[in-house]
Every structure is written in C-alpha cells, then in structure tokens.
K.L.:
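I have a structure here, written as structure tokens, and I will follow up with some questions on it.
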Amino acid sequence: MNIEDVKLMYEYNYWANKRIFDMAEQVSTEQLMKPNAFSWGSLFGTLVHTLDTEYGWRELCQNSTITFDLTPADFPDLEAVQTRWEDEEAAMWEYLNSLNDNQLNGVIRYEVEEGTRVRVLWH
C-alpha cells in the first residue's frame, strides 16, 4: 500500500462525511435526537460514534493509544459535532501528510485486554 492511495480513500471518506452532515442539517433537532433501535440510540448518537471511531483510530495509529471516549453528552448540538469533526479531519490530514510509504507499511503495537496486538499501520 502507498500513502497516495490511502489519501485517496480519506478524500472519499471526507466527501461522504460532508454529504452525511448536509443531510443531517435537513432534519429537525427532534428527529436528530429521537431514540431509535439502532446501536447508538439516535442519529445524533450515530454521528458522535462515527466521529469517535475516526478519532480513536487516528490516535491509535499515531500514538499507539486507544482512545474511544466521545459521547453524545460531549456535544450540545449538531454544529458542535461538525466543528469537532472538522478539527479531526485536519488532524488526520496532518498525520497522513507526515507519513511515507515505509511508515505506512510498518507495524504498530498496542495493548488490549487480551494482550499486545501487532498490526500493519495501513490496515
């Protein structure tokens, strides 16, 4: 894998995220927060979970630290989620732009309850 291909995938990911936010802005706050049967409790909860996942994986890849801790309670509204997501996108681009192909194909190690995991970075 090479860094330019990974950047292309992230360009697509951020394009899709923007489309999702465009659609989320069209629903009412009541619809955004309305409880549902899906895993994250509401559309708002799903957006925060997705942000948390992107943030958590960047932290893991960049710092070998698992950090999944954002919750809907951390954000007063959709605009706050969107602002934090824009900050995360900028942080990811900064990180991606710091990598070369050798680093991308190197390994990262991190701890989980079961022990140490070793993964190729681009995975």
Side-chain angles (χ1 to χ4, degrees):
M1 181 61 74
N2 67 66
I3 191 62
E4 293 309 314
D5 288 343
V6 169
K7 287 179 181 181
L8 181 62
M9 287 186 274
Y10 272 89
E11 285 176 13
Y12 176 80
N13 183 61
Y14 292 127
W15 169 84
N17 286 349
K18 284 175 182 49
R19 292 201 35 125
I20 290 168
F21 271 102
D22 287 347
M23 294 294 109
E25 288 173 346
Q26 295 180 30
V27 302
S28 68
T29 300
E30 180 183 345
Q31 291 169 315
L32 190 65
M33 303 297 187
K34 182 178 179 179
N36 63 41
F38 296 112
S39 299
W40 306 106
S42 66
L43 175 57
F44 189 77
T46 299
L47 291 172
V48 172
H49 166 70
T50 306
L51 167 61
D52 187 44
T53 301
E54 289 193 15
Y55 160 67
W57 281 108
R58 181 186 54 79
E59 281 292 315
L60 178 64
C61 292
Q62 190 171 16
N63 302 313
S64 298
T65 303
I66 296 177
T67 308
F68 297 105
D69 60 1
L70 301 177
T71 69
D74 297 325
F75 302 94
D77 54 27
L78 182 62
E79 185 178 348
V81 176
Q82 194 164 11
T83 298
R84 177 62 175 81
W85 212 317
E86 290 166 358
D87 293 345
E88 181 52 39
E89 180 179 344
M92 179 58 91
W93 280 120
E94 184 176 338
Y95 174 57
L96 290 173
N97 288 326
S98 76
L99 295 174
N100 61 43
D101 292 348
N102 287 335
Q103 292 167 312
L104 192 64
N105 289 292
V107 298
I108 58 168
R109 291 175 173 76
Y110 57 96
E111 297 298 320
V112 294
E113 287 182 21
E114 299 81 16
T116 302
R117 287 193 177 161
V118 179
R119 301 285 188 262
V120 175
L121 180 60
W122 73 267
H123 289 182

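In this text the structure is predicted, and so the values were computed from the model without any measurement.
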K.L.:
Taking all atoms of both residues into account, what is the closest heavy-atom pair of I66 and L60, and its distance?
P.N.:
CG1-CD1, 3.7 Å
K.L.:
Atom CD1 in I3, atom CG in L99: separation rounded to 0.5 Å?
P.N.:
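Here the rounded value is 4.5 Å.
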K.L.:
Do T53 and H49 touch side chain to side chain, with heavy atoms closer than 4.5 Å?
P.N.:
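Side chain of T53 against side chain of H49, heavy atoms only: contact under 4.5 Å found.
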K.L.:
Working to the nearest 0.5 Å, report the span between CG of D52 and CH2 of W57.
P.N.:
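Taking CG in D52 and CH2 in W57, the distance rounds to 12.0 Å.
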K.L.:
Taking everything shown except E25 itself, do over 12 heavy atoms lie less than 6.0 Å from its CD?
P.N.:
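Yes.
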K.L.:
How about NZ on K34, more than 12 heavy atoms from neighbouring residues, nucleotides or ligands closer than 6.0 Å, or not?
P.N.:
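For K34, atom NZ is not crowded (no more than 12 foreign heavy atoms under 6.0 Å).
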K.L.:
At what distance, to the nearest 0.5 angstrom, does CG of L121 lie from CG of N105?
P.N.:
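Spacing of CG (L121) from CG (N105) equals 8.5 Å.
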K.L.:
Can you name the closest pair of heavy atoms from Q103 and S98 and give their distance?
P.N.:
OE1-O, 3.4 Å
K.L.:
If you draw a 6.0 Å radius around OH in Y95, do more than 12 non-hydrogen atoms from other residues or ligands fall strictly inside?
P.N.:
yes
K.L.:
Is Y10 atom OH crowded by more than 12 heavy atoms from other residues, nucleotides or ligands, each under 6.0 Å away?
P.N.:
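Check fails, neighbour count at 12 or below.
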K.L.:
Which heavy-atom pair separates P72 from G45 by the least distance, and what is that distance?
P.N.:
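Of all heavy-atom pairs spanning P72 and G45, the closest is CG-CA, 3.8 Å.
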K.L.:
Can you tell which of R84, K18, R58 makes a side-chain hydrogen bond (donor to acceptor under 3.5 Å, both in side chains) with E89?
P.N.:
K18
K.L.:
Indicate yes or no: at least one non-hydrogen side-chain atom of W40 is less than 4.5 angstrom from one of T50.
P.N.:
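Not touching, per the 4.5 Å side-chain cut-off.
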K.L.:
Do you know which two heavy atoms are closest between V6 and L104, and how far apart they sit?
P.N.:
CG2-CD2, 3.6 Å
K.L.:
Can E54 and N13 be counted as having a side-chain donor-acceptor contact under 3.5 angstrom?
P.N.:
yes
K.L.:
Taking a hydrophobic cluster as the set of Ile, Leu, Val, Met, Phe, Trp and Tyr residues connected by side-chain heavy atoms closer than 4.5 Å, whether directly or through intermediates, do V112 and I108 fall within one such cluster?
P.N.:
yes
K.L.:
If you take all heavy atoms of T67 and Y55, which pair is closest and at what distance?
P.N.:
CG2-OH, 3.3 Å
K.L.:
In Å, rounded to the nearest 0.5 Å, how long is the span from CE of M33 to OG of S28?
P.N.:
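If we round to the nearest 0.5 Å, M33:CE and S28:OG are 10.0 Å apart.
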K.L.:
Can you find a pair of side-chain heavy atoms, one from Y14 and one from E86, that are under 4.5 Å apart?
P.N.:
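Side-chain contact under 4.5 Å: no.
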K.L.:
Give, for atom CE of M1 and atom CG of D101, the distance between the pair rounded to the nearest 0.5 Å.
P.N.:
10.5 Å
K.L.:
Got a second to check how far I20's CD1 is from Q82's CD, nearest 0.5 Å?
P.N.:
11.5 Å
K.L.:
Answer whether the closest heavy-atom distance between the side chains of F75 and L51 falls below 4.5 Å.
P.N.:
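Yes, close enough: below the 4.5 Å cut-off.
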K.L.:
Can you give me the closest heavy-atom contact between A24 and L47, atom names plus distance?
P.N.:
CB-CD1, 4.0 Å
K.L.:
Above 12 or not: heavy atoms from other molecules or residues under 6.0 Å from CD of E114?
P.N.:
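Yes, the 6.0 Å shell around CD holds more than 12 heavy atoms from other groups.
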K.L.:
Let's go through F21 and L78 carefully: what are the C-alpha distance in whole Å and the side-chain angles of both, what is the deciding distance for side chain to side chain contact (heavy atoms under 4.5 Å, CB included) to 0.1 Å, and is it a yes or a no?
P.N.:
CA-CA 9 Å; F21 271 102; L78 182 62; 3.5 Å; yes
